[in-house]
Structures are given as C-alpha cells and as structure tokens.
Amino acid sequence: MEKFTTLTGIAAPMPLVNIDTDMIIPKQFLKTIHRSGLGKNLFDEMRYLADGSENPDFVLNQPAWREAQIIVAGDNFGCGSSREHAPWALLDFGIRSVISTSFADIFYNNCFQNGILPIVLPEDAVKVLMEDAKNGANARLSIDLEAQTVTASDGQEFRFDIDPHRKHNLLNGLDDVGQTLQKGAAIEAYEAKIAQSQPWV
Amino acid sequence: MTGSTSPQRPRTLYDKIFDAHVVDRQPDGTALLYIDRHLVHEVTSPQAFEGLRMSGRKVRRPDQTIAVPDHNVPTTADRVKGIENPEGRVQVAELDKNARDFDLNYYPMNDIRQGIVHIVGPEQGWTLPGMTVVCGDSHTATHGAFGALAHGIGTSEVEHVLATQTLIQKKSKNMKVEITGKLRPGVTAKDITLAVIGATGTAGGTGHVIEYCGEAIRDLSMEGRMTVCNMAIEGGARAGLIAPDEKTFAYVNGRPHAPKGAAWEAALNWWKTLYTDEGAHFDKVVTIRGEDIAPVVTWGTSPEDVLPITGTVPRPEDFSGGKVEAARRSLDYMGLEPGTRLADIPIDAVFIGSCTNGRIEDLRAAAGILRGKHLAPGVRGMVVPGSGLVRAQAEEEGLDRVFTDAGFEWRLAGCSMCLGMNPDQLAPGERCAATSNRNFEGRMGRGGRTHLMSPIMAAAAGVAGHLVDVREVMAPAEPV
Ligand code: SF4
C-alpha cells in the first residue's frame with residue numbers, strides 16, 4: 001500500500017449528497033478479479049453518455065478537474081454496497097483523498113486499506129473547501145496527514161480528526177494482515193479458550 | 001463462560017457480543033475481534049484470495065468459512081449448462097477454484113442448497129446467536145436477526161479475516177430502535193424497516209450498531225426479523241441486531257450446522273444471557289409506534305425516499321440543503337411529477353426476491369395476494385427464491401403454481417434483479433415494484449426505476465398495474 005503523508009492537488013467539487021458506491025463504480029464493472037484498471041469507469045454513469053462518449057457536464061471531464069487528486073463531496077459519501085471496487089476505482093483514477101461532512105462506515109474503512117485518506121470536516125469547513133474546489137487548478141488544496149490539516153488556497157487551515165492507528169498505518173503504508181499475524185499467540189489462546197467454553201462454534 | 005465477567009455496568013447486547021470476541025485490545029480502544037463465521041461470495045473475494053496467494057498465506061479457519069456464488073448466477077433453468085457472460089463465468093470459476101484449493105465449506109451453483117449468501121447462512125445453521133459473522137457484502141446485517149454481531153466488510157478485510165480469522169474493529173455506538181405495539185393489517189417487516197430509514201435518513205445509523213426491540217419486533221417471525229436487520233445498512237448502521245428468544249432457538253434447532261445434544265444445551269445457556277441489561281446506555285434512541293406504520297413505498301433513488309402509499313410525490317422544495325438537488329435529480333431519474341398520487345404510478349415489472357424478501361414466508365405472503373389473480377396486461381413479473389431449498393419448499397406448497405398462473409416467471413435462486421450483475425435486468429425507463437433493498441440509479445439495470453416495498457405490496461401492484469395500497473385488495477379477514 002502506498003504511503004500517505006502530504007498532498008497538494010486539485011480538488012473536484014461534487015456537492016451531491018448520498019453519492020453511493022453504485023454511482024462511484026456501477027455493478028457491471030465488479031466482474032473483474034483484479035484490483036487495477038477500474039479508473040476509467042469511475043462514476044461511469046455520470047461520466048459517460050449512453051453512446052459511450054464523455055458527458056461534458058460532469059466535473060471530472062472538464063479540463064480544470066481532469067487531474068483531480070481530491071474530491072470535496074456532499075454528505076454521506078460512499079453509502080450503499082461494501083464493494084472495495086469503489087476505492088480501487090478512485091485510486092486508479094488518481095484520487096488520494098475525499099473530503100466530506102460524513103462517510104458511510106464501510107467505505108470509510110475501505111479507503112484506509114488502499115492508501116486513500118477520507119477527511120471528515122464540519123459543514124462550514126466543507127463549504128469553504130467546496131467553493132475553493134470550484135476554482136479548479138487555480139485553487140489547490142493542501143493536506144498534511146501528520147499535522148491533520150487541510151489548507152485552502154487562501155491559507156485558511158482546517159484541522160481534522162483521525163484514529164491514531166489508521167493514521168500510523170497510512171503514514172507508513174502498513175498492511176493490517178502482517179501486523180495481525182504477529183499476534184498469532186493471542187489468537188491461538190482465544191481459540192483454545194473457545195474450544196473449551198463454546199465447543200459448538 | 002465468556003459472556004459474563006465480573007459485575008460491571010449494565011451492557012447492551014452489542015457490548016456483550018463484542019466483549020466476548022476480543023482477542024486483543026489496544027490502548028486507543030481498537031480491538032482485534034475474533035470472527036466465528038466468514039461468508040464469502042464471488043464478487044468481493046477474488047482479490048482477497050489473490051492477495052493470500054501472493055503472500056503465501058493460508059485460510060486460517062476453512063471450517064468456519066462458507067462460500068456460495070450468488071450475484072452472478074443466472075436464474076434460468078439452463079444455468080446447468082454454465083454462465084454465458086464470460087466475466088461472470090470467470091468470477092464463479094474463481095470461487096469454485098478458491099473453495100477447492102482452500103478447502104472451504106462450499107455450495108456450488110448447481111447444489112440445491114445454493115442461494116443468496118445471507119439466506120444460505122441461517123438456513124444451514126451456520127448463523128447462531130452470539131456469534132460474530134462477516135461477509136464482503138453490506139447486507140450481512142441480515143444475520144443480526146439471530147442476535148449475532150454481523151456486518152459487511154471490504155475485500156481487504158476479507159483477506160484479513162481469511163488469513164487471521166480476526167478483524168480490527170473500533171467499537172461502534174449503541175442505538176436503540178424500538179417499535180412499540182402492534183402492526184396494522186397489511187403492514188409487514190419491510191414496512192417497519194423502510195419506515196425507520198424514512199424517519200432517520202440513510203446516515204441516521206452511521207457509526208452505530210442498532211438493536212431493534214419492542215413488541216412489534218418480538219411479534220415478527222425469524223424471516224421478518226431478518227428483513228428488518230437486512231436493511232440496517234440502508235439506515236447507515238453497519239449492523240442491526242435483535243435479542244434471541246424462543247423463536248430464534250426454535251428456528252435454529254435441528255439445522256445442519258446447529259449444535260446438537262449436550263452442545264445444544266450448553267449453547268442455549270449462553271444464548272439466554274444475550275440481551276441488553278436493564279439500564280444499559282444507548283447513545284441514540286428512536287421509538288416508533290407500530291400502529292403508526294403504514295404500507296410504504298419509495299419514490300426516489302435513495303432508500304430514505306420513503307412515504308406511505310397514501311401519499312403523493314414530493315417537491316424538491318419540500319427538502320433542505322443538499323437534499324433539494326438530490327430530490328430534483330431523483331425525480332428526474334424516476335420520471336415522476338411532484339403532486340402525483342403514489343397509488344397512480346403505473347409499473348412495468350414486479351420483482352419478488354433478494355436477501356431482504358426472498359424467504360419462504362415472503363413467497364407465501366405474495367402468493368396469498370396473487371391466488372386466483374393475474375398480472376395486469378403489459379406487466380412482467382419475476383419471482384426469484386432466495387435459495388434452492390426455499391424454492392423446493394415453495395414448490396411443495398404449490399406456490400410456484402400460484403405464481404405461474406398469475407403470469408410470473410418462476411426462477412432459480414440468486415441475487416437476480418436486485419443488482420443486475422446477471423442477465424436479469426430492467427430496461428432503461430422500465431419501472432419496477434421490487435422487494436429488494438436498494439433503489440439507487442442503475443441498480444437493477446441502467447436507467448431502470450425501482451420502487452421498494454413489501455412482497456404483498458409488490459404482488460398487489462402487479463395485479464393492479466400500478467402502485468396500490470395493499471389494504472384495498474386484501475380480503476377483510478385475510479391474515480398477513
Ligand atoms: S440479493 Fe441483492 S442485496 Fe442481497 S446480497 Fe444479493 S445483490 Fe446484495
């Protein structure tokens with residue numbers, strides 16, 4: 001997993017609330033058995049017209065945001081299905097951070113497994129960043145994970161909260177499985193205890 | 001006994017199950033939770049097994065890992081010949097191979113026990129009270145109906161559970177949803193769960209585990225309870241659960257993987273401690289009177305867009321904030337005019353099935369409305385049992401005949417139209433009365449329009465040719 005330390009980049013404004021994972025990556029692209037290659041179908045149904053051509057109205061198709069690395073989104077981003085294809089598609093497109101007032105739990109969690117930083121900020125802060133994002137390449141946002149800050153183009157700084165364990169893993173690009181396997185003895189002890197007390201499990 | 005430690009503050013059901021599964025706890029409160037049952041389907045697992053192979057790791061507890069293909073499988077009788085869609089075929093073949101290579105409990109596509117993973121788990125007795133159950137699928141909450149802590153996980157976490165049989169978890173908050181009193185005739189578990197989402201919004205449960213309780217919940221069958229918990233995720237909660245009781249034990253007893261003999265007695269002893277202690281703290285409480293719940297339908301493209309069938313299509317201006325634009329977009333997608341009576345909306349299709357409403361009781365209820373009736377001209381209907389065993393049971397009861405006589409197609413088990421990853425899809429613009437759980441744009445097929453409702457409401461809509469208040473077509477004395 002790629003580390004996340006700092007990021008300065010273009011942010012795409014997506015003020016729509018309840019952007020669900022079916023919108024992020026529609027089900028017809030879930031048939032892959034690999035993680036990569038989904039970026040071209042990110043937001044597929046909003047991004048392409050019925051004939052397959054690009055929808056010029058969609059934010060990521062407009063010259064200012066084609067290279068966006070950040071999304072500033074409306075409330076409850078990533079609701080719906082648990083598909084990890086959603087963060088895979090975001091990452092494959094080049095998105096490393098999403099900022100919103102709230103995220104759906106599973107999506108939020110899935111981001112951390114893939115080196116994407118989801119940032120929760122209060123409504124007024126998201127509003128400022130949303131306005132900033134509308135300026136495209138003229139208003140780059142800066143994110144500093146160590147300091148837990150997002151800085152708008154005019155220097156306004158917003159501090160965000162993050163779970164220390166997740167922060168540590170993201171800063172160091174660590175994979176959860178390897179870490180947990182180091183606790184093999186504790187897992188074995190638990191299993192031995194349950195084999196006694198709840199043999200039916 | 002793992003369920004009870006020293007005398008302490010009163011705990012919720014969720015607290016108790018969580019505590020009983022902690023393998024290791026970090027100073028910051030992050031816990032390593034042991035997972036008792038890991039359910040696996042073909043869509044969210046290939047990359048996890050790929051990861052396992054790449055790092056030379058094994059499945060730690062194949063005996064606690066259950067795999068079944070459901071999302072991609074065709075539901076037509078000719079599926080014994082294989083899956084036509086090449087990518088879908090590859091995914092199911094991958095699952096076949098992974099199940100064999102890693103020696104998992106497996107129900108392949110043409111096994112009669114195959115079906116939607118959330119229907120197969122309880123049916124086979126894999127899901128038991130007090131367990132932790134996970135699956136790379138958001139509707140894992142279904143298993144919470146047994147008083148199990150069950151939630152959806154992403155593919156990286158699937159890999160984590162395969163390799164370690166544990167999950168890294170932060171404790172969620174506790175939320176109580178109480179449905180008091182009795183439901184009125186024509187009102188079902190589906191109406192309860194939709195009404196709750198309507199009241200709290202799709203983010204209302206975010207960060208919480210919901211415990212459903214109250215007389216109306218106690219009165220539900222296990223099938224109904226599964227319907228309620230199934231949609232906890234649509235309310236934003238990762239898990240929903242219901243304390244186990246005699247109904248739960250009776251449902252579990254005798255299932256293939258349920259404990260037997262002395263183990264059964266020991267299990268019962270523990271299961272009977274699984275309830276929220278008097279005075280336990282809930283961070284959020286929602287109370288709804290059962291009598292106030294009407295048969296509901298959704299009008300938009302979010303499950304929170306729910307209204308009693310007696311209502312009218314709302315105006316975007318009725319909402320505030322970002323929801324105004326979302327409602328405008330929904331209405332445009334759904335092709336609906338504000339002010340239209342919901343009961344005047346014509347439909348083209350009816351879908352009865354999914355992990356929300358694909359169990360035997362759902363089929364019985366729908367058939368009860370359809371007996372001796374027929375789909376309105378121009379309306380197509382599909383019934384997709386949740387598992388091969390549900391299908392067999394329905395056939396034994398003659399329900400298949402009721403459906404086919406009414407003009408429905410009687411299909412094999414799978415997710416089917418609930419998310420059109422298989423050949424069952426809506427055409428663009430086609431409008432469907434559906435018993436599934438998501439009305440998102442494009443969910444049932446690009447451009448398809450979904451109205452969520454209960455099986456009896458969907459059946460009644462099929463006969464009428466438009467959304468309809470099922471209470472108007474129910475025989476007065478007919479029990480639901
Ligand atoms: S029936 Fe629908 S919601 Fe349930 S598991 Fe299948 S696709 Fe998911």
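Every chain is numbered from 1 and lettered A, B, ... according to where its sequence line falls, protein lines coming before strand lines.
- For Leu16(A), the part lying near chain B is the side chain, with the backbone staying farther off; criterion is any non-hydrogen pair under 4.5 Å.
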Requested in this report: Take Glu50(B) and Ile33(A), measure what side-chain contact (heavy atoms from CB on, under 4.5 Å) needs, and give me the verdict at the end.
Outcome: CA-CA 9 Å; Glu50(B) 182 190 34; Ile33(A) 56 169; over 6 Å; no
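- Per-residue heavy-atom pair counts under 4.5 Å with chain A were compared for His139(B), Lys170(B), Gln165(B), and the maximum is reached by Lys170(B).
- Most heavy-atom pairs under 4.5 Å with chain A: of the set His257(B), Glu325(B), Glu94(B), this distinction falls to Glu94(B).
- Although no hydrogens or angles enter the test, the distance criterion places no donor-acceptor pair under 3.5 Å between the side chain of Gln28(A) and the main chain of Met421(B).
- The most heavy-atom pairs under 4.5 Å with chain B, out of Met23(A), Glu123(A), Glu188(A), come from Glu188(A).
- Here Leu32(B) is the residue among Ile233(B), Val90(B), Leu32(B), Thr140(B) with the most heavy-atom pairs under 4.5 Å with chain A.
- Looking at Leu162(B), neither its backbone nor its side chain comes within 4.5 Å of chain A, counting heavy atoms on both sides.
- Residue contact with chain B, scored on non-hydrogen atoms closer than 4.5 Å, is absent for Phe107(A).
- Between Gln64(B) and Val201(A), the shortest heavy-atom distance links the atoms OE1-O, 3.7 Å.
- Using a 4.5 Å cut-off between heavy atoms, Thr21(A) makes no contact with chain B at all.
- In this structure, chain B has heavy atoms under 4.5 Å from both the backbone and the side chain of Asp176(A).
- Heavy-atom pairs under 4.5 Å with chain B peak, among Asp163(A), Asn114(A), Asp20(A), at Asp20(A).
- At a 4.5 Å heavy-atom cutoff, the contact between Lys27(A) and chain B is made by backbone and side-chain atoms alike.
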**Report entry** side-chain contact (heavy atoms from CB on, under 4.5 Å) evaluation trace for His168(A) with Asp28(B)
**Finding:** CA-CA 12 Å; His168(A) 176 80; Asp28(B) 71 352; over 6 Å; no
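- When every heavy atom of Gly80(A) is checked against every heavy atom of Phe440(B), the shortest pair comes out as CA-CE1, 3.7 Å.
- Counting heavy-atom neighbours within 6.0 Å of Asp63(B) CG, excluding the residue itself, gives a total above 12.
- Residue Glu67(A) qualifies as open at atom CD: its count of foreign heavy atoms under 6.0 Å is 12 or below.
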Query - side-chain contact (heavy atoms from CB on, under 4.5 Å) between Thr180(A) and Ile168(B), intermediate numbers included - result: CA-CA 8 Å; Thr180(A) 300; Ile168(B) 300 170; 3.8 Å; yes
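- For Lys173(B), the NZ atom counts as loosely surrounded, since its 6.0 Å shell holds 12 or fewer non-hydrogen atoms of other residues, nucleotides or ligands.
- Heavy atoms of Met46(A) lying under 4.5 Å from chain B belong exclusively to its side chain.
- Closest approach of Thr164(B) and Ile187(A) over heavy atoms only: O-CD1, 3.7 Å.
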Requested in this report: Test side-chain contact (heavy atoms from CB on, under 4.5 Å) on Asn18(A) and Lys323(B) and set out the steps.
Outcome: CA-CA 9 Å; Asn18(A) 296 333; Lys323(B) 188 72 190 171; 4.3 Å; yes
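- Listed options Val158(B), Asp137(B), Thr44(B) were ranked by heavy-atom pairs under 4.5 angstrom with chain A; first place goes to Asp137(B).
- The closest side-chain donor-acceptor pair between Ser156(B) and Glu84(A) falls under 3.5 angstrom.
- Side-chain N or O atoms of Arg83(A) include none that pairs as donor or acceptor with a backbone N or O of Val43(B) at under 3.5 Å.
- In this structure, the portion of Glu191(A) lying under 4.5 Å from any heavy atom of chain B is its side chain and not its backbone.
- Of the atoms belonging to Ser81(A), heavy atoms from both backbone and side chain fall under 4.5 Å from chain B.
- The contact between Thr206(B) and chain A is made by backbone and side chain atoms together, counting heavy-atom distances below 4.5 Å.
- Of the listed residues (His151(B), Arg57(B), Arg61(B)), the greatest number of heavy-atom pairs within a distance under 4.5 Å of chain A belongs to Arg57(B).
- Only the side chain of Asn85(B) comes within contact range of chain A, judged by heavy atoms closer than 4.5 Å.
- Looking at Ser302(B), only its side chain comes within 4.5 Å of chain A, counting heavy atoms on both sides.
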Query - Chi angles and distances behind the salt bridge (charged side-chain N to carboxylate O under 4.0 Å, His left out) call for Arg238(B), Asp105(A) - result: CA-CA 7 Å; Arg238(B) 251 181 125 174; Asp105(A) 283 342; 5.3 Å; no
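- Side-chain atoms of Gln91(B) come within 3.5 Å of backbone N or O of Leu30(A) as a donor-acceptor pair.
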Query raised in the report: Can you check side chain to side chain donor-acceptor pair (under 3.5 Å) on Gln198(A) and Asp36(B), steps first, answer last?
Result: CA-CA 11 Å; Gln198(A) 297 179 35; Asp36(B) 296 320; over 6 Å; no
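- Looking at Leu128(B), only its side chain comes within 4.5 Å of chain A, counting heavy atoms on both sides.
- Using a 4.5 Å cut-off between heavy atoms, Gln26(B) contacts chain A through its side chain alone, with no backbone atom that close.
- What you find for Leu181(A) and Ala163(B) is that their closest heavy atoms are CD2-O, 3.9 Å.
- Heavy atoms of Val22(B) lying under 4.5 Å from chain A belong exclusively to its backbone.
- The aromatic rings of Trp271(B) and Trp200(A) sit perpendicular, their planes meeting at an angle over 60°, well past the 30° parallel limit.
- Thr166(B) places none of its side-chain heavy atoms less than 4.5 Å from the side chain of Tyr190(A).
- The distance from the NE2 atom of His165(A) to the OG1 atom of Thr30(B) is 6.0 Å, given to the nearest 0.5 Å.
- For chain A, the nearby part of Ala48(B) is the backbone; its heavy atoms alone come within less than 4.5 Å.
- Heavy-atom distances place no part of Lys260(B) under 4.5 Å from chain A, backbone and side chain included.
- Shortest non-hydrogen contact noted between Gln47(B) and Thr32(A) is NE2-O, 3.4 Å.
- Residues Ser82(A) and Ser138(B) come closest through the heavy atom pair OG-N, 3.5 Å.
- Taking CG of Asn110(A) as the reference point, atom CD of Glu157(B) lies at 6.0 Å (rounded to 0.5 Å).
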